[in-house]
Structure formats: structure tokens, C-alpha cells
Protein chains: 2
Amino acid sequence: MNTRLPAGERREQILDVAVQVFARKGYHGASMNDVAEAAGVTKPVLYQHFDSKQDLYLALIEDVGQRMITAIAKATAGATSGKAMTELGFQAYFRWVAQDHDAFLLLFATQANRDAAATLAIKKITSEAASAIAPLIDVEIDHEKQRTLAHGLVGLAEGVSRRLVERGEDFDPDELGRLVANLAWAGLRAIGPDS
Amino acid sequence: MNTRLPAGERREQILDVAVQVFARKGYHGASMNDVAEAAGVTKPVLYQHFDSKQDLYLALIEDVGQRMITAIAKATAGATSGKAMTELGFQAYFRWVAQDHDAFLLLFATQANRDAAATLAIKKITSEAASAIAPLIDVEIDHEKQRTLAHGLVGLAEGVSRRLVERGEDFDPDELGRLVANLAWAGLRAIGPDS
DNA sequence: CATAACGGTTACCCAAGGGTAACCGGCGCC
DNA sequence: GGCGCCGGTTACCCTTGGGTAACCGTTATG
């Protein structure tokens, strides 16, 4: 017998629990009943807080995505050099991954964003991340290539994280961030208009 | 009235058409009816060639994945240096992406949703790719980190490609390969046991 | 102590879609 | 020229699951 919760808290709890459920089963793999059960309530309760399954899912993506973005933004705010910013950024990202595997899976490894809207929502997040990265690529190179490379670096971090999360390994985010930042920074310095 | 095809050819045609359908709509978004219609036949015909939807999907992944792997393997076979191999490899990869957007989307787009078996199948492909890359990271670094970075480079290529494919842009795979290979190679040279 | 508000439940509807049983028609082959 | 093989179709079954209508019990408040 779960306690009755006031609306606000119940909504938060549903969001909390839904991240895990969707991350583990994917969008289509998880039914609203699954989410409801995990939250300790029944289906109609979900619909009191969210208009539809898609609505719930989009709320999750927005929530989790913003959390990631702000974590990185905060970490890099005090950086004095591009290199330091790169390192701090990657470290913050890997810390975010290490802290909440489910959140990472929801955004990057989720087995079902077939929904056009969800795909768009995630694209918006990665695009925002890329926008933050792009200015660090200050070599002489045309703007389009710059943004493309920025998306590549997002993918780099994603690829690294995916392997670690899938293996369920413990890892040191700060050490890993240093390693990857080193790779990224040196790589970026090496490319130029002649590439 | 579509012509009647011998079993072998029909099977090939279904695979061809199914790549496009699944790439565009995702696993759950595409129904067997959609695939059948696109192939110009009806549903039961699909089930004469494949046991289930999942069976068809797995066959596709295997098919497309192997095509990608061998394309890269062939391109890098004659390389004389690590740097040349890196460049040739990335170029072959981007050529593969440019040639067949649908194949790329099937394997890498988040929009192509997967169940557990499909996730595993795809993991196998990326892992194989990473295995090919890992030896190029011949710096003094422990084996686990080496493989993790290899997965990162797979992600790097994936991130770059995703943006280009999503934008429907034309791009020069050879030029792009040179650019990304430069980044990767220089990045890898820069990291060491002290990172 | 009636009653309204609110959190929650039971029981259902209905469309979508994976999968199948039964049937059909033309072509090759003794 | 009947016969069987083979590629194909029509029409259906049945589960899953998103979404909802109607109802219930507790608490608070006058």
C-alpha cells in the first residue's frame, strides 16, 4: 500500500521512475502499465499528469537533457583556457554519465525514439551540446565543417560512454575526461584549412 | 501487377526494400504490412522467407553490418602506415555512409529502435569495428582504455555522419575522411600513459 | 455529519499489427 | 491434358497496449 501523494510530488516520482523504465526497456518496450506499476500506482494516474505516453517521454527527455547541459555549462564556466574548458567539459559529462546511467541511456542508447517528435527533441539536445563545443574549434575552417566536427565530438563522448555503461563498469570520470579531452584537443589543434 | 519472382530473388528484393522502410520508420514504426507493400507483395510472402519480423530485422543488420565492415577492411588492406590506414579507413566509412544513407540509419540512427536481440547484433558490429581500430592506438596505455577509446572513435565517425545524413547534405567522403582521420590520428598520438 | 475535493482504482474500449489458415492460378512435366 | 509444385492472395485470429468512463474512500471543512 503506497502512500497517497500530493499531485506535485507524484508527478516528480513518476518522472523519476519513468527514466529507469524507459532506459531499461526502450520507448516501445515499456508500456504505460510498466511505468505505472514501477511507480506503485495505476495507469489512469499517469494520465492525470501527462496527456499521453509521448508527452511523458518528451518531458523526460527535456528534463534529463537540460540537466546534462547545465552540468557541463556550470563546470566549464570558470575555465580560463580552451584546453581547460575542454577537459572540464568532458569530465562533467562523464561524471553525469557515471552518476546516472539511466539518464544517459535514455538520451543516447534508447532503443526506441521512433517517434518523430522524440527524435527531434534529442536532436535538439545534442545540437545544443555541439553548439557549446563548436567555438572551441577555432582553427581556420569553414563553419559547416566546424559544426560537423562538433557533432563528431559529441559522438566521441557518446561512444566512450556507451561502452562503459553497457559493461556496467566502474570508471573514474575525471581520469576519463582528461584522456578524452587530450585526444580531442590535440586532434583539433592538428586540423586546419589544408585538411 | 508485379511479376512473380523466384524465391531467391524475392528474398533479396525484400531485404533491399526493407532496409529503406526500417531506416525511414524505425523498427516499431514500420509494420510488416509496410514492408510487404513496399516490396509489392502481401504479408504472408514475407513469412515464407523470414520466420518473424525480428528475424528479418536481424538478417538486415547482419547483412548491412558485414557490408560496412568489409568495405573498410578492403580499403585499409593495402595501407603501409598507421596514419594511412586511419585515413583510408575513415574515407571508406564515409563513402559507405554517403552511398547508402539508409544502411547507416539502420545501424546507427537512434530512430531505428531495437529489442534486446537487435541491440546485441548491433553491438557486435560496432565491437568488430572497434577491434579493427584498437591496434592503431599503440601508445602505452592499458588495454581496456584502448578499447574504450576505439569505441569512442566509432562514435566520432557516427556523430559526424549522423549530422550529415540528417541534413541530407551532399558531402565529399574522401575530404571528410581526411579531416576526421587527421583529428583522430593527431589525438591518438597526443595521449599517453600520463593522460 | 453532510459534502466537496482529490488521489486513486476497476473495468473496459478499440486500433494496430504480428502471425496464420485456407484458398488460387499458372507453368512445367511426365 | 491432368497433376502437382510454387509463388501469391484474401481474410481472418488474437494479443498488446494506449487511452478512458465511471466509480470509490479518505480527508478536511463548515
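Naming: A, B, ... by sequence-line order, numbering from 1 per chain. On a predicted model such as this, the values are computed, not experimentally measured, just so you know.
- A straight line from NZ of B:Lys25 to C1' of C:dG18 spans 16 Å, rounded to a whole angstrom.
- One finds a salt bridge joining B:Arg167 and A:Glu144 here, because a Lys/Arg side-chain nitrogen approaches an Asp/Glu carboxylate oxygen to under 4.0 Å.
- Counting to the nearest Å, the P atom of C:dG19 and the NE2 atom of B:His49 are 16 Å from each other.
- As a whole-Å value, the separation of B:Tyr47 OH from C:dG17 P is 12 Å.
- Distance CZ (B:Arg11) to P (D:dG7): 14 Å, rounded to an integer number of Å.
- Looking at A:Gln48, its side chain has no donor and acceptor atom pair within 3.5 Å of the base of C:dG7.
- Using the six-membered ring where Trp is involved, A:Phe104 and A:Phe108 have ring planes that are tilted, between 30° and 60° apart.
- Rounded to whole angstrom, the span from the CD atom of B:Glu9 across to the C1' atom of D:dC6 amounts to 15 Å.
- The listed nucleotides are C:dT10, C:dG7, D:dG8; the one nearest the side chain of B:Val45 is D:dG8.
- The distance between atom CZ of A:Phe22 and atom P of D:dG18, rounded to the nearest whole Å, is 8 Å.
- Looking at heavy atoms from C-beta onward, A:Phe90 lies out of side-chain contact with A:Ile72 at the 4.5 angstrom threshold.
- Closest to the side chain of B:Val41, out of D:dT20, D:dT9, D:dG18, is D:dT9.
- In this structure, the CG atom of A:Leu56 is 11 Å from the P atom of D:dG18, given to the nearest Å.
- In this structure, of D:dT9, D:dG18, C:dT9, it is D:dT9 that holds the atom nearest to the side chain of B:Pro44.
- A salt bridge is defined here as a Lys NZ or Arg NE, NH1 or NH2 lying under 4.0 Å from an Asp or Glu carboxylate O, and A:Arg178 with A:Asp174 fails to meet this definition.
- In terms of phosphate contacts, A:Arg10 brings no side-chain nitrogen or oxygen within less than 4.0 Å of OP1 or OP2 of C:dC6.
- At a threshold of 4.0 angstrom between heavy atoms, the contacts of B:Ser31 are confined to the sugar-phosphate backbone, with no base atom among them.
- For A:Lys43 against D:dG18, a side-chain-to-base donor-acceptor contact under 3.5 Å is present.
- As rounded to whole Å, 16 Å separates atom P of D:dT16 from atom NZ of B:Lys53.
- No salt bridge links A:Arg163 with A:Glu169; every basic N to acidic carboxylate O contact stays at or beyond 4.0 Å.
- Distances were taken from every side-chain heavy atom of A:Ala7 (C-beta onward) to each of C:dG7, D:dG8, D:dG19; the shortest belongs to C:dG7.
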